[in-house]
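Every value quoted in this text rests on a predicted model; they were computed, and no experiment measured them.
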2 protein chains.
Amino acid sequence: MTIQQPQTRIQKKNRETILDAALDVFSEHGFRGATLDQIATTAGLSKPNVLYYFASKEAIYTALLSGLLETWLDPLRAIDPDGEPVDEILAYVMRKLDMSRTFPRESRLFANEIVQGAPRILDQIEGPLKSLVDETSTMFRRWTREGRLAEIDPHHLIFSIWATTQHYADFSAQIRGILRSEGEEHFDVAADFLEHFYRRALVPSPG
Amino acid sequence: MTIQQPQTRIQKKNRETILDAALDVFSEHGFRGATLDQIATTAGLSKPNVLYYFASKEAIYTALLSGLLETWLDPLRAIDPDGEPVDEILAYVMRKLDMSRTFPRESRLFANEIVQGAPRILDQIEGPLKSLVDETSTMFRRWTREGRLAEIDPHHLIFSIWATTQHYADFSAQIRGILRSEGEEHFDVAADFLEHFYRRALVPSPG
DNA sequence: CGTCTTCCTGACCGTTTGGTCAATAATTTC
DNA sequence: GAAATTATTGACCAAACGGTCAGGAAGACG
């Protein structure tokens, strides 16, 4: 773990500026669709200057991805094994929905990457992500065994939560087009919908 | 409506070959990420020959998109207003899941397009798609009023169906990575999961 | 102040990209 | 089978692309 810290304040500021601009551009156009010129212009820097802080376009992209994956998985880790199952999972759903509202660019960045076969993040999916999901699944299964959670496939439950919540960020162009909504009002309706929807699915049936 | 039909058999065959190759390439890399050379190579044709059949890269893309949208919406149109609400909607879910299994490339093509802001298909979303969704929503609301469907926001119900079913095509890289599955067995588990999941959500609560 | 390091840029380079075109090959038509 | 039409291609082009580099500007430090 050779994490160097000799960051001057200019370095820190410019690296952040670049990563933020890159998030804008990559999340909107994908890796191949994005250009260094776009990133440089968005960041308000010259192209050679961008390359002074990052070795290559690829380096910017991977820096973004790996930096973001942690944040993206935190809500899953935050599920309390000792909590009330239905409440814990519902809270997770709400946290994920909130992330779609607050960090739509991050969500679309991952969406782009994964739709195109996850070429630069497959290791992390098959490694840390899989482990975390498997652990959580084991927990869900325990909860089901204890009669505190409906009988439901834990993996597919998690998939459905990702799908339904991230949909509001990843497919927002479609949702806005259909709801004719330019603001974020629909997120509150979505929260309501998902709350009822998942409560019904999760509460164990009597007997 | 000037739809010309003077297609020779060679024209027909090659246009189809090109569109199929383009579906391969565009669905994997998005519009900007795809190159004419890739499409030509995949189609087994020379690049100038591809451009002999389509005016431009953009023309191939839009030909694909508009040709596919109809197919994509058919399952929604197939919901029978006079049928049993829960059964009808469940059948719709299954049809959509089946399309994710059978036509993953088409699903990813749309996913790419919409994640990136739907720049070349927004008209169709705000026009025909919105109309169809609004009509269907009205029908769902009527079913709810008649006590044959749970109280549930129809728009968000439709969004959730799209999200959960298309997820299996659009994010298959992630799903395969987590389930360590290379085949399609997980589609059967998914069908089971979604069936129970949506039945719980849709059946009206007594009273 | 002067020196040293960090920061920044204009000009440039090789490659890839979407697209053109003149010429040739294959097919259809009579 | 000749003429006309359709199909195919190698060679080419201008623009856009990711990236380099020498040199100058700005900041840090004694």
Side-chain angles (χ1 to χ4, degrees), chain A residues 3-65 109 112-113 116 119-120, chain B residues 2-66 109 112-113 116 119-120:
Chain A
I3 296 167
Q4 284 139 329
Q5 299 268 44
Q7 299 244 102
T8 69
R9 75 189 155 77
I10 296 182
Q11 268 169 28
K12 204 183 168 204
K13 189 193 66 175
N14 281 348
R15 268 192 232 265
E16 279 170 12
T17 306
I18 291 169
L19 286 177
D20 189 71
L23 181 54
D24 256 32
V25 177
F26 281 132
S27 68
E28 197 177 327
H29 302 289
F31 178 73
R32 287 209 51 189
T35 72
L36 278 172
D37 285 285
Q38 275 178 291
I39 296 172
T41 302
T42 305
L45 300 171
S46 68
K47 185 168 67 171
N49 203 14
V50 168
L51 288 167
Y52 173 74
Y53 290 101
F54 290 90
S56 65
K57 179 184 171 184
E58 179 114 21
I60 304 176
Y61 187 72
T62 52
L64 256 187
L65 268 189
L109 184 80
N112 263 306
E113 170 71 11
Q116 303 192 1
R120 296 155 217 271
Chain B
T2 52
I3 296 165
Q4 285 140 326
Q5 299 266 48
Q7 300 244 105
T8 70
R9 78 190 152 76
I10 297 181
Q11 269 170 28
K12 204 183 169 200
K13 187 194 68 179
N14 280 349
R15 266 191 232 267
E16 278 170 14
T17 306
I18 292 169
L19 286 177
D20 189 71
L23 181 54
D24 255 33
V25 178
F26 281 132
S27 67
E28 196 177 328
H29 302 288
F31 177 74
R32 287 210 49 188
T35 72
L36 278 173
D37 286 285
Q38 277 177 289
I39 295 171
T41 303
T42 306
L45 300 171
S46 68
K47 185 167 65 169
N49 204 13
V50 167
L51 289 167
Y52 173 73
Y53 290 102
F54 290 91
S56 65
K57 178 184 172 183
E58 178 114 20
I60 304 176
Y61 187 73
T62 52
L64 255 187
L65 269 188
S66 60
L109 183 80
N112 263 306
E113 170 70 10
Q116 303 193 1
R120 294 155 222 269

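Protein chain A contacts DNA chain D from D/dC17 to D/dA28, reading 5' to 3' and using non-hydrogen atoms of the protein with a distance under 4.0 Å.
Put simply, CG on A/L23 and CD on A/E28 are 11.0 Å apart, with the number rounded to the nearest 0.5 Å. Atom CD of B/E16 sits about 12.0 Å away from atom OH of B/Y53, to the nearest 0.5 Å. For the atom pair A/H29 NE2 and A/T35 OG1, the distance stands at 8.0 Å (nearest 0.5 Å). Taken from CG in B/L65 to CG in B/N112, the straight-line distance is 10.5 Å, to the nearest 0.5 Å. If you take CG on B/L109 and CG on B/D24, they are separated by 11.0 Å, rounding to the nearest 0.5 Å. The CG atom of A/D20 sits 9.0 Å away from the CG atom of A/L64 when rounded to the nearest 0.5 Å.
For A/T35 and A/P48, each mapped to the nucleotide of DNA chain D holding its nearest heavy atom, the one lying further toward the 5' end belongs to A/T35. Nearer the 5' end of DNA chain C, as judged by each residue's closest nucleotide, is the contact made by B/Q38, out of B/Q38 and B/R9.
Within 4.0 Å of A/L36, counting heavy atoms only, lie sugar-phosphate atoms of the nucleic acid but no base atom. Counting any heavy atom pair closer than 4.0 Å across all strands shown, A/A34 reaches sugar-phosphate atoms only and no base atom. Residue contacts shown for A/F54 are absent, as no nucleic acid heavy atom lies under 4.0 Å away.
Within residues 12-32 of chain B, the residues having any heavy atom closer than 4.0 Å to DNA chain D are, in order of number, B/N14, B/R32.
Smallest separation of non-hydrogen atoms from A/A21 and A/I39: CB-O, 3.7 Å.
Note on the helix from C/dC1-D/dG30 to C/dC30-D/dG1: angle between the axes of the first and last five pairs equals 20°, rounded to 10 degrees.
Across the protein-nucleic acid pair, A/K47 atom NZ and C/dC12 atom P stand 14 Å apart, rounded to whole Å. Between the CG atom of B/N49 and the P atom of C/dA25 there is a distance of 15 Å, rounded to whole Å. Rounded to a whole Å, the CG atom of B/L51 is 12 Å from the P atom of C/dC21. We find that CD1 of A/I10 is positioned 7 Å from C1' of C/dT6, with the value rounded to whole Å.
Side chain of A/R32 to main chain of B/R32: no donor-acceptor pair is present (N/O by atom type, distance under 3.5 Å, no hydrogens or angles).
Regarding contacts with the backbone of C/dT6, every side-chain N or O of A/Y53 stays at 4.0 angstrom or more from both OP1 and OP2. For C/dC7, the OP1/OP2 oxygens have a side-chain nitrogen or oxygen of A/Y52 closer than 4.0 Å.
Between A/F31 and A/F26, the ring-plane angle classifies as parallel under the 30° and 60° cut-offs.
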